[in-house]
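Please find one structure pasted underneath; my questions will follow.
Below, all heavy atoms of this structure are taken into account, side chains as well, without hydrogens, waters or symmetry copies. Here is how names work: the chains are called A, B, and so on, in the same order as the sequence lines, proteins then strands, and each is numbered from 1.
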There are 2 protein chains.
Amino acid sequence: MASSEESLRKALAEKQSAVEAHGNAVRALKAAKASKPEIDAAIEALNSLKLEKSSIEKQLQAAVSGSDGDGALSREAFRQAAVNTLERRLFYIPSFKIYRGVAGLYDYGPPGCAVKSNVLAFWRQHFVLEENMLEVDCPCVTPEVVLKASGHVDKFTDLMVKDEKTGTCYRADHLLKDFCNEKLQKDLTISAEKAAELKHVLATLDDLSAEELGAKIKEYGITAPDTKNPLSDPYPFNLMFQTSIGPSGLSPGYMRPETAQGIFVNFKDLYYYNGNKLPFAAAQIGQAFRNEISPRQGLLRVREFTLAEIEHFVDPEDKSHPKYSEVVDLEFLMFPRGEQMSGQSAKKIRLGDAVSKGTVNNETLGYFIGRVYLFLTRLGIDKDRLRFRQHLANEMAHYAADCWDAEIECSYGWIECVGIADRSAYDLRAHSEHHVKNVFDEGQREGNIDCIGTNLDKSGVPLVAAEKFSEPREVEKLVIAPVKKELGLAFKGGQKNVVEALEAMNEKEALEMKAALESKGEVEFYVCTLGKNVPIKKNMVSISKEKKKEHQRVFTPSVIEPSFGIGRIIYCLFEHSFYTRPSKAGDEQLNVFRFPPLVAPIKCTVFPLVQNQQYEDVAKVISKSLTTAGISHKIDITGTSIGKRYARTDELGVPFAITVDSTKDVTIRERDSKLQVRVSVEEAALVVKSVTDGLRTWEDVWEKYPHHTSGSADD
Amino acid sequence: MASSEESLRKALAEKQSAVEAHGNAVRALKAAKASKPEIDAAIEALNSLKLEKSSIEKQLQAAVSGSDGDGALSREAFRQAAVNTLERRLFYIPSFKIYRGVAGLYDYGPPGCAVKSNVLAFWRQHFVLEENMLEVDCPCVTPEVVLKASGHVDKFTDLMVKDEKTGTCYRADHLLKDFCNEKLQKDLTISAEKAAELKHVLATLDDLSAEELGAKIKEYGITAPDTKNPLSDPYPFNLMFQTSIGPSGLSPGYMRPETAQGIFVNFKDLYYYNGNKLPFAAAQIGQAFRNEISPRQGLLRVREFTLAEIEHFVDPEDKSHPKYSEVVDLEFLMFPRGEQMSGQSAKKIRLGDAVSKGTVNNETLGYFIGRVYLFLTRLGIDKDRLRFRQHLANEMAHYAADCWDAEIECSYGWIECVGIADRSAYDLRAHSEHHVKNVFDEGQREGNIDCIGTNLDKSGVPLVAAEKFSEPREVEKLVIAPVKKELGLAFKGGQKNVVEALEAMNEKEALEMKAALESKGEVEFYVCTLGKNVPIKKNMVSISKEKKKEHQRVFTPSVIEPSFGIGRIIYCLFEHSFYTRPSKAGDEQLNVFRFPPLVAPIKCTVFPLVQNQQYEDVAKVISKSLTTAGISHKIDITGTSIGKRYARTDELGVPFAITVDSTKDVTIRERDSKLQVRVSVEEAALVVKSVTDGLRTWEDVWEKYPHHTSGSADD
């Protein structure tokens, strides 16, 4: 808890007591019929105490709702203005609206669809083409066996509670979160201790088990938001849409919850396609599905969305990146684990420093963080509202080496839009190993399955890479040999779990155990799948190092996974691009999206200044050359005033407007500056193309061409 | 039946009888111990009859299996070669292969994925951008109410039979089709009459009811192909993947079987977005799902696929198209209904003639047929193996004005790849009307739902357009007023069905009934939902025309729908692009895909001629300028011979290879001609870009730059 907030809560409580005490004193004076001057003085003191209390209240209100007291309100108003424009102009709309819609499903209308396709085209250019990635396209329908191996069938769940009378379902953690936030923000009377407790609940929300969540809900008396009815205990609900493949009804399948699995199961072929060489990256853009319990926050939490995922496969012993030097000098907001734990805020860090100091685990991870930064800012995301936040230890899967989320600030707060994780060898092993580490370890990041159970559905196909040695090498290999007979005698039915846990030890753990067994003869050993420590004696396991000649090193590659939630990025981009400015007459606020040409749904509009056959013919000539140049545009020959037509296209974020007011020259107007230049009819399309293609800037155009000072027509 | 085949079957039967008769005669002579010369002469005559029979057999074999007897075999061999290359180079692969795959699900690997994304980008350019279409992007998950209204829940089925012992499922029509084809092609002994019957079954396969299909299966003694077990009666299986939306389990949903519905339900918003003006088109690219009973033919019949659909909304009274003149002179293979019925084949027709003669129903439909022709041939589809086939009356839905399929010939035969249908007002009405025409009319084209039932789940939102009159007009309106009291007395519970059927009559039907009632007082009237005729008397319905003043004409727009099966187009493109040519040494056949640059997965490869730091540096410089120019390429610095490296990229259809053999000039080789020119290092990327962007042809390049006569390195 910020110290100022804590001291304000204490000060408020003290002032409240003082006001009460003084109030009693005043009443006592009145009852005792004290003199008027005496009573007046006491009342004045009381009033001044009340004023002080009210001032503290205001400060506290400001402290809990951000830097300024009106923050929440203005964020809400801003969002309303943006969303109204977005829905009215069909950037996006609730799906199946004429049937009253379905929560969590949205359509992109024409301008939204164009923005999306521009974002995806740039993603392909910036990642796939630039890095020579192997792009694949796999189906959404996925058989159960694949998602059993990946862990999704068992663990891709959210905890749900039901209204005990109506059966309406809610996400348990959302109810608890809303309760805590509401209390903290609206109830200024709670004690500093209570506030600290609620904040602790919020911070550890993702760590709570079903039982703990249920206990908190009971303790705080949380009821169903709509009916105030009591709630059931929380229980897990699998978020995958289930279906059945084929006519028999015997082959369960799911709509994929992420695109990554399609890449992992193809690793062997892709590695071969890449000439059996590492590193390489595969990429996939496609739909993913999550049957959210209670979707909310518009495009941010939906039941179907477009993911763009990269799986970069790399030798775990060499995570350098050949193009790392190209991003090393980038400087942007980073929010490392340490800063989060010590209550500091995100700060500008040079990427190279973050990597060299070990804040970012390795070069390749750093390289992708840098590339993601460039991708987002070139789309138009405000760099001051973009930060890379490192996962805390409790958020991260046990196997992950390091994870960073690109978070974008919008009216809903900081939103995770891209996850960049070093997932080590986990995913490939999950699909190939028969004897997989039986660790249940619930990771926190949504959408990551961070644990798997004992599983008979592994593919049995080794998903490994090999480094051939020029000469055979002598290597020392760790050999862990559990003595099954002794273990069986000691642990009976638990023997299998103990054996698997012993075999799954890494070198460091094994050597520590060996040393301990040699010195003490017995050691306590935690077996995850049993959920407890067991005593391991010297005769139960033999741990040794053996020398062998090897011609190659066979290993499971590490996976570094940047995963992009395209819809979330687009929504944040909408908010970062939206602004209003007064109309020329000053009587209304006009909406503008300041999309860069790269993203703008339509690059250009063509307007004849007045309705007139000659001008319309010129407009058609220009339109045709824009089509030839591949520039998406719109022609508007309505008789509406030019100011209104500009306003209409500003609201769609169209960067350039060509106005035809002669048969020789036309004007080109830039959306944000509203500046206009004059160019010939022949040049018009090419000028627009050169700027939208990024070959030159508007400033270059402004310098080169004669300026047009608009008449009364423009706003 | 082709007359030659028929006469051959007859001749064969006669010859067979003659052989048998003669055989008996020979045996009789032998038994009667006739003289050797007599017997020899008889045997010779028998042998010559056998030879004649065998010759007729060969002719018949040739006649049933196409123009040449080896056709089927060579088609099979060609397909094997193409598919082997496609799968080996990861153009596509069975999904989830390491788990032994799932029938009907395929992944596009890197080159296939690139081809697909090029095809879709060109589709967007050719249709959406060129026609200013409104592109939308709707979810795959669709609530039941939408697909109930569209008719898919009730009618999107195939007839299925089950192996009565193992429970294995088969498509009933496929089994019958396979049986007939097998008999016709392999059993030369069947009579001409039997052959004619089997051919009739094949021609009317799509018209058969479950009962008729079941009867044929019984009659022909068809059993389960794998086990020879008896089969169940056919019953309908809904092809949609079903799921459940949200956590309650109470909201059924489906994975959409087509993308079109997402457009129809948004008609009102899109019409508004277009300034309440017709015509306009909306478009959507996205995944669609069909839970096929038994997928086969590789990419041609799959359970998940990409559709690209256009819904062009037009005033039913004016189906002209402003850009029709741009396609009017195109000439290509068309296969009108008349030619199909009279056993002729497709012939070259000028599009303008087909429209002006009324063969193609209207200009807009003709315009899209022309645009589809241009789209497919520019992709690289062979125009001689592309035809536009008109639907026969029994294939077309009752409401459709006209339908044409773009069919592409590949090793599987003529495959429907694009459907272009004038669906009149059907779809918009289905979503908006409460009292919808209760006609069950099974259309034949797969994926078309051609009928809907009485339905309480309509949206109730009118999906209509309006034409405002400059002055109010007096119009005559048809009024059908069923007299419910009389109908109730006459039909009791069936009253509602009769009322709805009466109200659903079109003007012609209504006026005919009026005339009949006036002359005869009673008329037989077919009520679809009752499945029978009912007698309608004069007092049961009043039909009249009334005059009214109207300020606008409100109507449901007609929909012209070009619908593209992207996977099928891509597979046919693969086959049309594939060829083999001998290696230089002549010892092996090398595979080549002759993709046009527009489609090619990689536009260019860069090879240093020999392994050498200087050349590698030059290769990297060129690679960088290709990336800047947005040209997808691959750099290959392996020490493999240049001939092998060319062969490797020819197999991926890469049109250009830049070989670095100096630090100043390099060669550019064109894939199909194997011709090479010399250009400077600086120019190399731009030359490739200009050709791949279509700004100039390879012939232009060949004329401008010095030629390179390859040394021993090239093949």
Contacting region of B/Phe289 [heavy-atom separation from chain A under 4.5 Å]: side chain

Grab the two heavy atoms, one from A/Ile98 and one from B/Val265, that are nearest each other, plus how far apart they are.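 In terms of heavy atoms, the two residues are closest at CG2-O, 3.6 Å.
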
Could you go through B/Val102 and A/Ile245, starting from their C-alpha distance and side-chain angles, then the distance that decides it, and tell me whether this counts as side-chain contact (heavy atoms from CB on, under 4.5 Å)? CA-CA 9 Å; B/Val102 175; A/Ile245 305 176; 3.8 Å; yes

For chain B, which of A/Cys140, A/Ser95, A/Gly109 has the most heavy-atom pairs under 4.5 Å?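 Most heavy-atom pairs under 4.5 Å with chain B: A/Cys140.
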
In terms of heavy-atom contacts, A/Pro247 and B/Cys169 come closest through CG-CB, 3.4 Å

Heavy-atom pairs under 4.5 Å with chain B: which of A/Glu130, A/Arg303, A/Gln287, A/Gln284 has the most? A/Arg303

Taking the side chain from A/Glu135 and the backbone from B/Ala114, do they hold a donor-acceptor pair closer than 3.5 Å? no

Can you say whether B/Phe241 sits under 4.5 Å from chain A via the side chain, the backbone, both, or neither, judging by heavy atoms?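 The answer is both parts of B/Phe241.
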
Toward chain A, the part of B/Lys268 with a non-hydrogen atom under 4.5 Å: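 Contact with chain A involves no heavy atom of B/Lys268 at all.
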
Applying a strict 4.5 Å limit to non-hydrogen atoms, the region of B/Arg100 in contact with chain A is neither

Quick check on B/Asn266 against chain A: is it the side chain, the backbone, both or neither that has a heavy atom closer than 4.5 Å? side chain

Would you find more than 12 non-hydrogen atoms of other residues, nucleotides or ligands less than 6.0 Å from A/Leu598 atom CG? yes

Heavy-atom proximity to chain A below 4.5 Å, by part of B/Ile635: neither

Checking B/Ile293 against chain A: side chain, backbone, both or neither under 4.5 Å from a heavy atom?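 Looking at B/Ile293, backbone and side chain both touch chain A.
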
Can you tell which part of B/Val141 gets under 4.5 Å to a heavy atom of chain A, answering side chain, backbone, both or neither? both

Looking at A/Lys323, I want to see if its NZ is surrounded by more than 12 non-hydrogen atoms of other residues, nucleotides or ligands under 6.0 Å.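 Correct, the count exceeds 12.
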
Which of A/Gly262, A/Gly246, A/Gly112 touches chain B most, by non-hydrogen pairs under 4.5 Å: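 Result: the option with the highest number of such pairs is A/Gly246.
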
Contact origin within B/Leu652 toward chain A - heavy atom pairs under 4.5 Å: side chain

Against chain A, label B/Asn291 side chain, backbone, both or neither, depending on which of its atoms sit under 4.5 Å from a heavy atom there.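 Only the side chain of B/Asn291 comes within 4.5 Å of chain A.
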
Among residues at least two apart in sequence or on other chains, which ones pass ring-ring contact (aromatic ring centres under 6.0 Å, His included) with B/Tyr273?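 Expected list: none.
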
Determine the minimum heavy-atom distance between A/Gly630 and B/Gln125, stating which atoms define it.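 Residues A/Gly630 and B/Gln125, closest heavy atoms: CA-OE1, 4.2 Å.
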
Has B/Gln242 got a side-chain atom pairing as donor or acceptor with A/Thr243's backbone, closer than 3.5 angstrom?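 Between the backbone of A/Thr243 and the side chain of B/Gln242 there is no qualifying donor-acceptor contact (under 3.5 Å).
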
Which answer fits B/Thr142, side chain, backbone, both or neither, if we ask what part of it has an atom under 4.5 Å from a heavy atom of chain A? both

B/Val136 and A/Tyr108: CA distance, side-chain angles, deciding distance, side-chain contact (heavy atoms from CB on, under 4.5 Å) verdict: CA-CA 6 Å; B/Val136 300; A/Tyr108 289 92; over 6 Å; no

Got a second to check how far B/Asn132's CG is from A/Ser623's OG, nearest 0.5 Å? 7.0 Å

What part of B/Pro111 lies closer than 4.5 angstrom to a heavy atom of chain A: side chain, backbone, both or neither?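 When you check distances to chain A, atoms from both the backbone and side chain of B/Pro111 fall under 4.5 Å.
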
Under 4.5 Å from any heavy atom of chain A, what part of B/Ser244 do you find: side chain, backbone, both or neither? backbone

In terms of heavy-atom proximity below 4.5 Å to chain A, should B/Met255 be classed as side chain, backbone, both, or neither?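 Side chain of B/Met255 only, per the 4.5 Å heavy-atom cut-off to chain A.
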
Just wondering, more than 12 heavy atoms not from B/Tyr272 lying within 6.0 Å of its OH? no

Whatever's closer than 4.5 Å to a heavy atom in chain B on A/Ile631 counts as backbone

Nearest heavy-atom pair of A/Leu129 and B/Ser632: which atoms, and what distance? CD1-CA, 3.2 Å

Heavy-atom pairs under 4.5 Å with chain A are the metric here; pick the option from B/Ser117, B/Gly286, B/Pro295, B/Ser294 that has the most.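 Highest number of heavy-atom pairs under 4.5 Å: B/Ser117.
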
Sort out for me which of A/Asp269, A/Ile93, A/Thr306, A/Val128 touches chain B most, counting heavy-atom pairs under 4.5 Å.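 Of the options given, most contacts go to A/Asp269.
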
Between A/Ala121, A/Pro139, A/Ala283, A/Cys138, which has the largest tally of heavy atom pairs under 4.5 Å with chain B?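 Going by pairs under 4.5 Å, I would pick A/Pro139.
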
